[in-house]
Amino acid sequence: MIVLVAALLLLGVVLGAVVQIPLPLSLALAAVIGCWLLIFAVRERAGAQRRSQ
């Protein structure tokens, strides 16, 4: 439960910061984070497949 509360608090801080910066910069940062998460997911899946063989 404490993890959920901490995650919601962090989400509120991040959204508050996003409101203060211009929209194009917010979209660019969102694209960078999305690419990073996509690369992370692909690497994790490849590692899981390697471990299961």
Side-chain angles (χ1 to χ4, degrees):
M1 186 68 175
I2 192 80
V3 174
L4 180 60
V5 171
L8 288 173
L9 182 65
L10 183 61
L11 179 64
V13 169
V14 170
L15 288 177
V18 168
V19 169
Q20 302 299 322
I21 60 177
L23 182 62
L25 183 58
S26 296
L27 295 175
L29 291 174
V32 168
I33 292 170
C35 290
W36 176 65
L37 289 172
L38 184 63
I39 291 168
F40 177 77
V42 168
R43 290 182 64 196
E44 285 294 312
R45 176 168 283 197
Q49 288 176 352
R50 234 180 288 126
R51 282 188 297 256
S52 67
Q53 292 178 354

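What you are looking at is a predicted structure, and each value in this text was computed from that prediction instead of being measured.
- Under a 4.5 Å side-chain heavy-atom criterion applied to ILVMFWY residues, the cluster that includes L27 comprises L23 as well.
- Think of V32 as one node in a network of Ile, Leu, Val, Met, Phe, Trp and Tyr side chains linked at under 4.5 Å; it has no links at all.
- Here the straight-line distance linking atom CG of L4 with atom CG of L9 works out to 11.0 Å at 0.5 Å rounding.
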For side-chain contact (heavy atoms from CB on, under 4.5 Å), just list the numbers for L29 and V18, CA-CA rounded to whole Å, side-chain angles, deciding distance to a tenth of an Å, and then say yes or no.
-> CA-CA 10 Å; L29 291 174; V18 168; over 6 Å; no
